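Since we're looking at a predicted model, the values are computed, not measured.
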Amino acid sequence: MIAKETIVNKFKSLYQEEPIVVSSPGRINIIGEHTDYNDGFVLPAAIDKAIYVAVSRRADDNIVLYAEDYQESHEVKLSEIAISEKHWPNYILGVVDQYQKRGAILGGFNLYIDGDVPLGAGLSSSAAVECAVTLALSELFELNVEQIDIPQIAQKAEHTYAGVMCGIMDQFASAFGKEKMSLSWIVAPWDLNTCHLTSKVMKWSY
């Protein structure tokens with residue numbers, strides 16, 4: 001776990017602003033590899049490692065990003081967002097793109113991202129990034145996104161900007177996972193609001 005104070009202090013050193021800070025956990029998967037996009041059963045659980053996103057508004061329409069893991073920044077105008085060759089900004093910009101397609105009113109913003117979910121370890125760091133950014137921008141621009149919409153926005157961001165045609169299990173686990181709980185459901189990715197989704201929470205120990 002990374003202390004919120006650490007995230008805030010790093011953000012202030014970069015942008016000289018007080019940020020909104022949110023986090024979203026990685027996940028383990030007990031059963032269900034590759035079944036989430038085949039309408040099968042899945043059983044993921046959130047873990048105690050997370051992605052942390054800090055954001056603040058800007059007076060202009062620039063999007064200014066900084067990734068701690070890559071020690072790298074990326075800047076683009078809100079009206080000119082596009083898939084980046086750097087790859088890592090795409091998980092963030094894809095969320096911006098999805099909000100724009102939904103008609104959300106956004107402005108320029110500063111964003112700092114860090115985390116202790118190991119990259120490339122099969123713990124869904126990318127889903128955690130997308131979910132954290134979705135929530136952070138909702139808080140920053142008062143979009144009042146519904147919790148059920150977070151994994152859908154995150155999944156579409158990964159499809160369109162990261163180019164990964166993933167199922168929705170990872171994003172759903174990151175958005176809905178709770179401490180000492182696992183999530184079991186039948187996935188129908190085309191509609192999370194129908195009876196095909198039979199979500200229940202079960203206690204587990206570790």
Side-chain angles (χ1 to χ4, degrees), residues 1-2 4 6-8 10-11 14-15 19-29 36 44-56 63-76 78 81-102 104 106 109-141 143 145 147-177:
M1 179 179 292
I2 300 174
K4 180 180 178 181
T6 300
I7 302 297
V8 169
K10 181 64 177 185
F11 187 92
L14 289 169
Y15 302 117
I20 292 171
V21 180
V22 305
S23 65
S24 190
R27 67 100 186 101
I28 57 170
N29 196 29
D36 58 328
I47 60 174
D48 62 350
K49 299 187 183 303
I51 296 296
Y52 301 83
V53 169
V55 291
S56 70
I63 296 172
V64 183
L65 313 176
Y66 188 87
E68 185 67 32
D69 280 340
Y70 295 95
Q71 295 286 294
E72 188 174 47
S73 62
H74 182 77
E75 184 169 348
V76 64
L78 180 62
I81 63 167
I83 295 172
S84 170
E85 293 182 356
K86 295 178 185 176
H87 191 63
W88 67 263
N90 294 330
Y91 296 93
I92 300 166
L93 299 178
V95 172
V96 175
D97 177 65
Q98 287 303 310
Y99 269 132
Q100 289 180 324
K101 288 177 177 175
R102 287 170 170 247
L106 305 176
F109 61 89
N110 302 311
L111 183 148
Y112 170 75
I113 187 165
D114 195 6
D116 54 4
V117 182
L119 303 181
L123 299 176
S124 297
S125 59
S126 61
V129 169
E130 295 148 1
C131 289
V133 172
T134 300
L135 181 57
L137 295 183
S138 177
E139 293 289 320
L140 185 64
F141 295 109
L143 303 177
V145 67
Q147 188 177 14
I148 194 68
D149 290 328
I150 293 175
Q152 296 181 78
I153 291 171
Q155 182 198 33
K156 289 179 180 178
E158 187 147 349
H159 286 179
T160 57
Y161 264 61
V164 179
M165 300 305 294
C166 60
I168 204 165
M169 176 188 67
D170 296 346
Q171 291 84 359
F172 200 91
S174 190
F176 283 86

So which atom in Ser23 and which in Ala132 form the shortest heavy-atom distance, rounded to 0.1 Å?
C-CB, 4.5 Å
Minimum heavy-atom distance Tyr15-Leu111, with the two atoms named
OH-O, 3.0 Å
Closest approach of Glu130 to Ala154 (non-hydrogen atoms, all atoms of both residues):
OE1-O, 3.3 Å
Side-chain contact, heavy-atom cut-off 4.5 Å: Ile83 with Leu93?
no
Do Met1 and Asp48 come within less than 4.5 Å of each other through their side chains, counting heavy atoms only?
no
Tell me, with the steps shown, if Asp170 and Arg27 meet side chain to side chain contact (heavy atoms under 4.5 Å, CB included).
CA-CA 7 Å; Asp170 296 346; Arg27 67 100 186 101; 2.7 Å; yes
Nearest 0.5 Å, what's the CD-SG distance between Gln155 and Cys131?
10.5 Å
Heavy-atom count around Lys4 NZ within 6.0 Å, excluding the residue itself: above 12?
no
On the 0 to 90° scale, with breaks at 30° and 60°, tag the Trp88-His74 ring pair as parallel, tilted or perpendicular.
perpendicular
Shortest non-hydrogen contact between Ala136 and Val53, atoms and distance
CB-CG1, 3.8 Å
Check for a donor-acceptor pair, side chain of Tyr99 on one end and backbone N or O of Thr134 on the other, with a separation under 3.5 Å.
yes
A side-chain contact here means heavy atoms from C-beta on lying under 4.5 Å apart; do Val8 and Pro19 qualify?
yes
Under the rule for side-chain contact (heavy atoms from CB on, under 4.5 Å), what residues qualify as partners of Glu75, not counting sequence neighbours?
Asn62, Val64
Rounded to the nearest 0.5 Å, what separates atom CD1 in Ile113 from atom NZ in Lys10?
14.0 Å
List in chain and number order the residues that pass side chain to side chain donor-acceptor pair (under 3.5 Å) with Lys101, two or more places apart in sequence or in another chain; answer none if no residue qualifies.
Asp97
Tell me the closest heavy-atom pair linking Phe11 and Ala54, and the distance in Å.
CE1-O, 3.4 Å
What are the two closest non-hydrogen atoms of Cys166 and Gln171, and how far apart are they?
SG-NE2, 3.5 Å
Taking CD in Gln71 as the centre, count heavy atoms belonging to other residues, nucleotides or ligands within less than 6.0 Å. Is the count above 12?
yes
I want to check something: taking the side chain as every heavy atom from C-beta on, are Leu106 and Leu143 in contact at a cut-off of under 4.5 Å?
yes
Output the distance between atom OG (Ser124) and atom CE (Met169), rounded to the nearest 0.5 Å.
6.0 Å
Heavy-atom check, side chain of Ile63 versus side chain of Phe109, under 4.5 Å:
yes
4.5 Å side-chain heavy-atom contact, Gln100 and Leu78
yes
Are the side chains of Tyr161 and Ile81 in contact, using a 4.5 Å heavy-atom criterion?
yes
Look up atom CG in Asp149 and atom OG in Ser138, then write down how far apart they are to the nearest 0.5 Å.
9.5 Å
Is the backbone of Gly26 close enough, under 3.5 Å, to the side chain of Ser174 for a donor and an acceptor to pair up by distance?
no
Could you go through Tyr70 and Leu119, starting from their C-alpha distance and side-chain angles, then the distance that decides it, and tell me whether this counts as side chain to side chain contact (heavy atoms under 4.5 Å, CB included)?
CA-CA 11 Å; Tyr70 295 95; Leu119 303 181; 3.8 Å; yes
d(Leu65 CG, Ile92 CD1) to nearest 0.5 Å is 4.5 Å
Would you check if Val55 and Asn110 make a side-chain contact, meaning some heavy-atom pair closer than 4.5 Å?
no
About how many Å separate CG of Asp114 and CD1 of Ile51, when rounded to the nearest 0.5 Å?
7.5 Å
